Amino acid sequence: MGTELPFRFFDCDNHYYEALDAFTRYIEPQYRKRAMQWAQIDGKTRLLVGGKVNKFIPNPTFDPVAAPGVMDEYFRGRNPKGADVVQLFGELEPIRPEYRDRDARVAVMDAQGMEGAILLPTLGVGMEQALAHDLPALTAAFRAFNRWLEEDWGFAYQNRIFAAPYITLADPDNAVRELRWALERDTRFVVMVGGPVTTAAGPRAPADEVFDPFWQLANDSGITVLYHGGETAYSKFLGEWGENDFTEAFRANAFRGLVSADALQDTIASHLARGLFHRFPNLRMASIEVGSAWAFHLFEKLTKSYGQVPHLYTEDPRETFKRHIWVSPFYEDELASLLRLVGPGHILMGSDYPHVEGLTEPASYIKDLQNFNYTPEQCQAVMRDNGLSLATRRPA
């Protein structure tokens, strides 16, 4: 028997598994060999990005794939037998229709009691850094990706599936054009990864004024900008610690779980320090699949910073944060402290379905809230109302 809820919930962290031609179906011909290609190497299908084998996802065809939620216990910090990832994955299964077909997905959502969901990339959030050396190919790749996404999933399908186009700020003019194109097709969200942005003029903070036309459009249209976990510019720093300077999903590594570098924490800190939200007071942002620990670390620093240099802020930056930022915690996080930190109106339920590190049954997220004594009203805010609100445009 599944978890019964007194309402239909809204999941802010759902995923598709990209079609094989997600990056190639609409790629402009001159970029075919510079962006994504498939190759047979030693009998296996490999993804080439910029002419190099990309290892972000160990099996980027996603067929076969592990069942949803099989690493739930592992991500709760429990692996007493020291099983390796292959053992935890268990027997792989053929890719399910709902991972790639929107009508099949709606049927599954109905069975799960899910009113709506934000659908996010699996492979796509790991691709920007792999093409950062070739910005024309990078922007072309994601133009192609977004056109595939709109065709296969739609940006507001049946007002239930909200697939978020991926925006790279690497070319500021292109970012504005992509957002304008997506807005014409009823997008409610866009997604990107945190960290500095590689541009033709060198690295830039995403709150740099060069990106203001993009932020202005996001502000005025009333969409929600999502920052999702993925490959960021910070990965290159790990090479200096003797680690790989790229991300391989599910490759066990103790140091990566301990390192304090946090691209999302620093991104939001930069936004606050540079006054982004005061330039664009209608801007809404949410963090997805990066947990909530970063918010506590940032609040501690903001408290000291505001005490030291209050004249550099328009207001207490913690109040700015609580007005503009929504946080989707990992279900295994300490959820009572997050409730005290940001309040029930700025916490988002996200199951990460159908990923192995997510929940087998998305509705069961409510049990983690109840374990931390969330009231029924607070549970409904987190499990439904907050996500639905963000899925509705709030034009300036």
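A quick note: this is a predicted structure, and the numbers were derived from the prediction, not measured. Counting begins at 1 with the first residue of the sequence.
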Please list all pairs passing the ring-ring contact (aromatic ring centres under 6.0 Å, His included) test where one or both residues lie in residues 180-224, with sequence neighbours left out. F155-W181, W215-H271
Closest non-hydrogen atom pair, P362 against M349: O-CE, 3.4 Å
Within a strict 4.5 Å, meaning less than it, do heavy atoms of the E18 and F145 side chains meet? yes
Is T303 reaching over with its side chain to a backbone N or O of F299, donor-acceptor style, under 3.5 angstrom? yes
Does R393 reach the main-chain N or O of L183 with its side chain, forming a donor-acceptor pair under 3.5 Å? yes
State whether the side chain of R204 and the backbone N or O of P196 hold a donor-acceptor pair below 3.5 Å, judged by distance alone. no
Less than 6.0 angstrom separating the ring centers of Y16 and W148, yes or no? yes
Given the rule in the side-chain contact (heavy atoms from CB on, under 4.5 Å) test, do L138 and D134 qualify, once you have shown the distances and angles that lead to the verdict? CA-CA 6 Å; L138 168 61; D134 186 351; over 6 Å; no
Taking the six-membered ring for Trp, are F237 and Y234 closer than 6.0 Å centroid to centroid? yes
Would you sort out whether T232 and Q129 count as a side chain to side chain donor-acceptor pair (under 3.5 Å), showing the intermediate values? CA-CA 6 Å; T232 75; Q129 296 304 314; over 6 Å; no
Heavy atoms only: give me the nearest A144-F23 pair and the separation to one decimal. CB-O, 3.7 Å
Tell me, with the steps shown, if H324 and M285 meet side-chain contact (heavy atoms from CB on, under 4.5 Å). CA-CA 6 Å; H324 291 273; M285 279 184 188; 6.0 Å; no
Between Q378 and N373, the two heavy atoms sitting closest are OE1-O, 4.3 Å
Return yes if a side-chain donor-acceptor contact under 3.5 Å exists between T3 and E361, otherwise no. yes
Heavy-atom side-chain proximity of R102 to D152 below 4.5 angstrom: no
Check R279 with D212, please: is the shortest side-chain N to carboxylate O separation under 4.0 Å? yes
Report yes or no: does R32 contribute a side-chain atom to a donor-acceptor pair with the main-chain N or O of Q37 at less than 3.5 Å? no
More than 12 foreign heavy atoms under 6.0 Å from NZ of K236: is that the case here? yes
T61/D63 under side chain to side chain donor-acceptor pair (under 3.5 Å): CA gap, chis, key distance, verdict: CA-CA 5 Å; T61 68; D63 192 10; over 6 Å; no
Taking the side chain from T360 and the backbone from P68, do they hold a donor-acceptor pair closer than 3.5 Å? yes
I'd like to check H228 versus H15 (side-chain heavy atoms, cut-off strictly below 4.5 Å). Are they in contact? yes
Lys/Arg-Asp/Glu bridge criterion (N-O < 4.0 Å) met for R147, E178: yes
What one should report as the nearest heavy-atom pair of A205 and R274 is CB-NE, 3.6 Å
Hydrophobic clusters here meaning ILVMFWY residues chained together by side-chain heavy-atom distances under 4.5 Å, can you tell me if F330 and V70 are in one? no
Any heavy-atom pair between the side chains of E151 and Y26 that's under 4.5 Å? yes
Enclosure of E91 CD (heavy-atom neighbours >12, cutoff 6.0 Å): no
Quick one, I347 and P329 - any side-chain contact, counting heavy atoms below 4.5 Å? yes
Run S292 and D333 through side chain to side chain donor-acceptor pair (under 3.5 Å) and show every step you take. CA-CA 7 Å; S292 60; D333 284 354; 2.8 Å; yes
How many angstroms lie between atom CE of M383 and atom SG of C12, to the nearest 0.5 angstrom? 10.5 Å
Would you check if the side chain of D352 reaches a backbone N or O of H355 as a donor-acceptor pair within less than 3.5 Å? no
Any sub-3.5 Å donor-acceptor pair from N54's side-chain atoms to M127's backbone N or O? no
Gap between atom OG of S351 and atom CD of E289 - 0.5 Å precision: 9.5 Å
Kindly say whether T24 contributes a backbone atom to a donor-acceptor pair with the side chain of D21 at under 3.5 angstrom? no
N-O pairing of D316 and R318 below 4.0 Å: yes
Indicate the atoms forming the closest heavy-atom contact of A67 with E93, along with that distance. CB-OE1, 3.9 Å
Test item: W38 and P60 side chains (from C-beta on) under 4.5 Å apart, heavy atoms: yes
List the steps, then state whether side-chain contact (heavy atoms from CB on, under 4.5 Å) holds for Y157 with V106. CA-CA 9 Å; Y157 185 62; V106 167; 4.2 Å; yes
Would you call E315-R323 a salt bridge at under 4.0 Å N-O? yes
Going from CG on L390 to NE2 on H346, what distance comes out if it is rounded to the nearest 0.5 angstrom? 8.5 Å
Nonpolar side-chain network containing Y31, other nodes, edges under 4.5 Å: I27
L20 CG to M36 CE distance, which is reported to the nearest 0.5 Å: 13.5 Å
Is there a side-chain contact between Q370 and I366 in this structure, where contact means two heavy atoms from C-beta onward sitting under 4.5 Å apart? yes
Identified ring-ring contact (aromatic ring centres under 6.0 Å, His included) counterpart of F321 within the set W326, Y306, W294: W294
Could you tell me whether the side chain of Y331 reaches within less than 4.5 Å of the side chain of L359, counting heavy atoms only? yes
Reported CD-to-CZ distance for the pair E150 and R185, which is rounded to 0.5 angstrom: 6.0 Å
Would you say the rings of F56 and F246 are close, in the sense that their centroids are separated by under 6.0 Å? no
Between CG on residue D262 and CG on residue L298, distance to nearest 0.5 Å: 9.0 Å
Note: E115-R8 ion pair, threshold 4.0 Å (strictly below): yes
To check you understand the geometry: which heavy-atom pair defines the closest contact between A207 and L276, and what is its length? CB-CB, 4.2 Å
Only one of L120, V193, V190 passes side chain to side chain contact (heavy atoms under 4.5 Å, CB included) with L226; say which it is. L120
Using a strict threshold of under 4.0 Å (side-chain N to carboxylate O), is an ion pair present between R188 and D186? yes
Report, as yes or no, whether the 6.0 Å neighbourhood of atom CD on Q40 holds more than 12 heavy atoms from other residues, nucleotides or ligands. yes
Does R143 pair with D171 as a salt bridge, N-O distance under 4.0 Å? no
Flag, side chain of N146 to backbone of Y166, donor-acceptor distance under 3.5 Å: yes
Taking S305 for its side chain and K301 for its backbone only, find out whether a donor-acceptor pair lies under 3.5 Å. no
Between V176 and L217, is the side-chain contact (heavy atoms from CB on, under 4.5 Å) condition met? List the steps. CA-CA 7 Å; V176 171; L217 188 54; 4.2 Å; yes
With the 4.5 Å side-chain cut-off for hydrophobic clustering, are L48 and L131 part of the same group? no
